[in-house]
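Structure, as structure tokens:
Quick note on labels: first sequence line is chain A, next is B, and so on, each numbered from 1. The basis for the numbers below is simple: all heavy atoms, side chains too, and nothing from hydrogens, waters or symmetry mates.
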Amino acid sequence: MSKQPAETVNENPVSGEDGVRSAIAAAIHQLGAGDGVTIDLRPLPFEGTWGVATSVSHALAGERAQQELTASGQLADKSKKEIKKLTSDRARVLSQEIAESIVASLRQSDAFATVEAANGYVNITFDANVVASSLISTILSNGDAYGAGAARTERVMVEHSQPNTHKVFHIGHFRNTALGVSISKILAHAGYPVTEATYPGDIGMHVIKALWCYRSFHLGEEPANPDERGRWLGQIYAESDARLEYRNDVLDLLNTVSKDDPHIATAIDRLLKLLWREHADTEDIAYLMGRFTTPGEVKEDELIDDGTIEAFWPILGAYLQAEAEREPVHLEIEGANGHVEPSTTPQERYDSWLELDEHRDWWAQVPAWKEAIKATFQAWEAGDADLIAQWQTTREWSLADFRRIFDELGAHFDVWFFESEVEEEGKEIVKVLLDAGIAEISDGAAVVRIDEKLGLTDEVYRTLPILRSDGTSLYSTKDLALTRRKFEDYHIDRAIWVVDVRQSLYFKQIFKILELWGFEQAKASYHLPYEIVVLPDGVISSRKGRAPLYDDIRDQVLQRAREIIAEKNPSLSAADREQTAWQVGIGSLKYAMLARDNNKIVVFDIDEALSFDGHAAPYIQYAHARACRILENAKWNRDTVAGPEGFHLDFGAIEPSELSLLQELGRFPEEVQRAADQYRPLLIANYAFELARRFNDFYHACPVIQSEEPVRTARLALVDATRVTLRNALALLGIEAPEVM
RNA sequence: GCCCCAGUAGCUCAGCGGAUAGAGCAUUCGCCUUCUAAGCGAAGGGUCGCAGGUUCGAUUCCUGCCUGGGGUACCA
């Protein structure tokens, strides 16, 4: 990996690397070898030392070993494996010899405290007091800006937080917002001018479904308390989905029974005879018979008469009830590949039936409802006044919730895009794409056959529909317009979409279509994918009521934080307790999301979320609070200590834990750059934890206030520098640093 | 079928081609008369999915395979 010269405002004294590099290069040159070899430098991996190591002698030794052995003819007639062994053994010896020569050469100057050769590495250490003073001066004079990179000119827009109106904000949305906020802050700290944008989904099929359900069944029912309207609307949406999916749910149950219940195969004959008496279609009965006795699923469009399932329904219910009441016997299903455990119990199957049975009348209505949905969507696009008014009212209920949640999460947006605002523009682009021959009409819908347009024979980009056959807009219709708007209206140079990984192909398609169209900035458009949040017992599903809502989780976490604070620090005022509870509670939730890499699924376990021990935000926050308390107790005032050109500190014989802490402090600026380059808050999350851990080591090993001068002042300055850096690191995660806990 | 991602300690996860692969949780045993015990120390726990390759050196890079997850034309 090529190392970018870190354009940081704050040079890391440890990796004030240029001097070290040129000294080593000179030494190698003296040996008469290896000009042009890359000199790697890394911090010494030993506790209690401050310096750098290079493995350059390994690389030189490898080359030389091969040359020597070849020249002496020892490699003749040897197998490949033997050659490798010989080379590797010889290289090991040589690398130590070379390291010793480099060391001897380096020792001729007194630029470094010590220079050693070990295991073929060249280890160089620095004078701790000199570097410590310089580092601490840098940190304290920069304060909040410590770790910031030099200003850059490339303007970046980060779009994140795209919750849908008319639906609830759950823990999955929370990950997105936490990630987006953190990435925005990291990029800004790294030196980029950042524009933060949100893009609520205020129109689309889900909104139409919610509106249809609201108008058809719940008009004028809204809750009196305005704070509950958003959530209530979410329930309306879930209901609309349940209504429209009713037939699928019924068929799912049928198929589950067919798969899980070993008795159904023998009972089905009798059950279908009962169905016969209900005058159901004979072909349907034969069809059901087949589906229940051989592998395969019942599908709605393969049934001839809508009434068949309705007639079969009560018969199935009676059967399931009887099965649920039987003595429980452990039964294994003999599958094609051996034993398969049933995924449901008889009782669960009967419970599902009972649940669905409450809405037995829905079956017949589903087709009409689906038509109504289409009509509603078209009415919205046609600007039906009544409907638009209801849309605006309900939309605002959700948006009010979002504004409150974003505020609680510290998400502050420079731009609010709305899907409804780019809809028309998107349709115009579709028209242009059709005229340009990039898009075409297929089965009535406008699509782009991307691979074909690129002349690819393999499936890579496939085909993306960009307008429905009934002329209504899709998500893609709108994203085409949004992308253009981002670059043209906001004059940015790079656009980042923080959207979950399931949409990776979709974004490749969108950007490629724009490229085909000749929109150059498509190349500066990046989808930043991240994995989804799941629950210990499966995926989040708001339909099935398995979606932990942000509001609920927040309440639980706040409550837990309040209890712990009351127990640990009873003298805290009510106001301080409340503030700290928010900082710790929300911080903890955010950290749980950010301390996992983007491409890792987060398993959200509420018990873990409520535990504030170990590798979690409170650990880091606690270190910060303790640092604050030490400074407070010592009546530390850095301004009376620092001279005009910074601190001249004397740690005396510096302790290993002090060195270790200082080294970590010095690493912050480069870690910010790395996190920005890779869009990875995880790096900062790990950094903050590691820094807190090293502060704890120091805290336990070295008394601060009780120590003698000049060590006392040196340690206080170190505590202050740690406090500043912990705060800055947490800030990049969007997590606050409490001063008391 | 094709594409993407993951596989490291009992569990959840770190690990910038380099020295003895690390944390947290869980288990066991210790530490509050000393700057806050949301803490600290100690112990046990590993064929880094498998097989090749590149390299002086591979958990890390490449190829193939296995297992799991996701995506794959009118949902977003």
Hey, is the side chain of A:R42 pairing donor to acceptor with the base of B:rC16 inside 3.5 Å?
-> no
Ion pair A:R693/A:E690, N-O distance below 4.0 Å = yes
Do A:R175's NZ or CZ and the ring of A:F604 fall within the cation-pi criteria of under 6.0 Å and 45°?
-> no
Write down the distance separating the C1' atoms in B:rG22 and B:rC62, rounded off to the nearest Å.
-> 27 Å
Determine the contact category for A:A623: base if any of its heavy atoms lies under 4.0 Å from a base atom, sugar-phosphate if only primed atoms, P, OP1 or OP2 are that close, otherwise nothing.
-> nothing
Any chance you could list the contact pattern along nucleotides 35-42 of chain B? Use B for base contacts, S for sugar-phosphate-only contacts and - for none, protein heavy atoms under 4.0 Å, 5' to 3'.
-> BBSBSSS-
Does A:E708 CD have over 12 foreign heavy atoms under 6.0 Å away?
-> no
Please report, rounded to the nearest Å, how far the C1' atom of B:rA76 is from the CG atom of A:L464.
-> 12 Å
Within a reach of under 6.0 Å around CD of A:E739, are more than 12 heavy atoms found that belong to other residues, nucleotides or ligands?
-> no
5'-most by nearest nucleotide on RNA chain B - A:N164 or A:S55 | A:S55
Expressed in whole Å, how much space separates the C1' atoms belonging to B:rC25 and B:rG52?
-> 37 Å
Select from A:G444 and A:A53 the residue whose nearest nucleotide in RNA chain B is closer to the 5' end of that strand.
-> A:A53
Are A:D720 and A:R723 within salt-bridge range, i.e. N to O under 4.0 Å?
-> yes
Only one of A:N599, A:N176, A:N598 forms a side-chain hydrogen bond (donor to acceptor under 3.5 Å, both in side chains) with A:Y530, so which one is it?
-> A:N176
Where are the stems of RNA chain B, defined as at least 3 consecutive Watson-Crick or wobble G-U pairs with both distances under 3.5 Å?
-> B:1-7 with B:66-72, B:10-13 with B:22-25, B:27-31 with B:39-43, B:49-53 with B:61-65
Does atom CD of A:E531 have more than 12 heavy-atom neighbours, drawn from other residues, nucleotides or ligands, at distances under 6.0 Å?
-> yes
When rounded to the nearest Å, what value does the distance between C1' atoms of B:rU72 and B:rA76 take?
-> 15 Å
Could you check whether A:E245 gets within reach of a base, just the sugar-phosphate, or nothing at all, counting any heavy atom under 4.0 Å?
-> nothing
Mind running side-chain contact (heavy atoms from CB on, under 4.5 Å) on A:F695 and A:V719 for me, showing each step along the way?
-> CA-CA 8 Å; A:F695 176 73; A:V719 170; 4.2 Å; yes
Using the C1' atoms only, state how far B:rC48 lies from B:rG15, rounded to an integer number of Å.
-> 11 Å
How many angstroms lie between OH in A:Y461 and OH in A:Y506, if you round to the nearest 0.5 Å?
-> 15.5 Å
Between C1' of B:rA76 and NZ of A:K167, the distance in whole Å = 7 Å
With P as the reference atom in both, quote the distance from B:rG41 to B:rC32 in angstrom, rounded to an integer.
-> 16 Å
What residues, two or more places apart in sequence or in another chain, satisfy salt bridge (charged side-chain N to carboxylate O under 4.0 Å, His left out) together with A:D500?
-> A:R502
base_contact_polar (B:rG1 base, A:E459 side chain, donor-acceptor, <3.5 Å) = yes
Rounded to whole angstrom units, what separation is found between the CD1 atom of A:I510 and the C1' atom of B:rA76?
-> 12 Å
Listed by chain and number, what are the salt bridge (charged side-chain N to carboxylate O under 4.0 Å, His left out) partners of A:E423, not counting sequence neighbours?
-> none
Sugar-phosphate, base or nothing in reach of A:Y506, heavy atoms under 4.0 Å | base
Mind calculating the distance between OH (A:Y461) and C1' (B:rC3) to the nearest angstrom?
-> 11 Å
Applying side-chain contact (heavy atoms from CB on, under 4.5 Å), name anything that partners A:A446, two or more places apart in sequence or on another chain.
-> A:V430, A:L434, A:I441, A:I466, A:L467
Sugar-phosphate only, base, or nothing, as touched by A:R90 at under 4.0 Å among non-hydrogen atoms | nothing
Which whole-number value in Å describes the distance from A:R468 CZ to B:rC75 C1'?
-> 8 Å
Just jot down the salt bridge (charged side-chain N to carboxylate O under 4.0 Å, His left out) partners of A:E671, sequence neighbours excluded, or say none.
-> A:R667, A:R674
Looking at every strand, decide which applies to A:G204 at a 4.0 Å heavy-atom threshold: base, sugar-phosphate, or nothing.
-> sugar-phosphate
A:A118 near the nucleic acid: base, sugar-phosphate alone, or nothing, with a heavy-atom cut-off under 4.0 Å?
-> base
Please measure how far the C1' atom in B:rG44 lies from the corresponding atom in B:rG10, and state the result in whole Å.
-> 12 Å
What residues form a side chain to side chain donor-acceptor pair (under 3.5 Å) with A:E459, not counting sequence neighbours?
-> A:R462
Classify the nucleic acid contact of A:D241 as base, sugar-phosphate or nothing, counting any heavy atom under 4.0 Å across all strands shown.
-> nothing
Under 4.0 angstrom, heavy atoms only, what part of the nucleic acid is A:R502 near: base, sugar-phosphate, or nothing?
-> sugar-phosphate
Under the rule syn = chi within 90° of 0, otherwise anti, which is B:rC4?
-> anti
Which residues satisfy the side-chain contact (heavy atoms from CB on, under 4.5 Å) test with A:A675, sequence neighbours excluded?
-> A:I186, A:L683, A:I684
For nucleotides B:rA42 and B:rU55, find the distance between their P atoms and express it as a whole number of Å.
-> 42 Å
Just how far, in rounded Å, is C1' of B:rC75 from CG of A:D470?
-> 14 Å
Whole-Å P distance, B:rC16 and B:rC56 | 22 Å
Under 3.5 Å between N/O atoms: give me all the protein pairs with nucleotides 53-57 of chain B, atom names plus distance.
from	atom 1	to	atom 2	distance (Å)
B:rU54	OP1	A:K80	NZ	2.5
B:rU55	O4	A:K84	NZ	2.7

How does protein contact run along nucleotides 4-15 of chain B, one letter per nucleotide 5' to 3', with B for base contact, S for sugar-phosphate only, - for none, heavy atoms under 4.0 Å?
-> -SSS----SSSS
Measure from NE2 on A:H160 to P on B:rA76 and round the result to the nearest Å.
-> 22 Å
Tell me what A:S611 touches on the nucleic acid: a base, only sugar-phosphate, or nothing, going by heavy atoms under 4.0 Å.
-> nothing
For A:Y687, what residues pass the ring pair (Phe, Tyr, Trp, His ring centres under 6.0 Å) criterion, not counting sequence neighbours?
-> A:F668
Return the set of residues passing side-chain contact (heavy atoms from CB on, under 4.5 Å) with A:P529 (not counting sequence neighbours), or none when no residue passes.
-> A:V501, A:S504, A:H527
Within this structure, what is the CD1-to-P distance between A:I208 and B:rC74, rounded to whole angstrom?
-> 19 Å
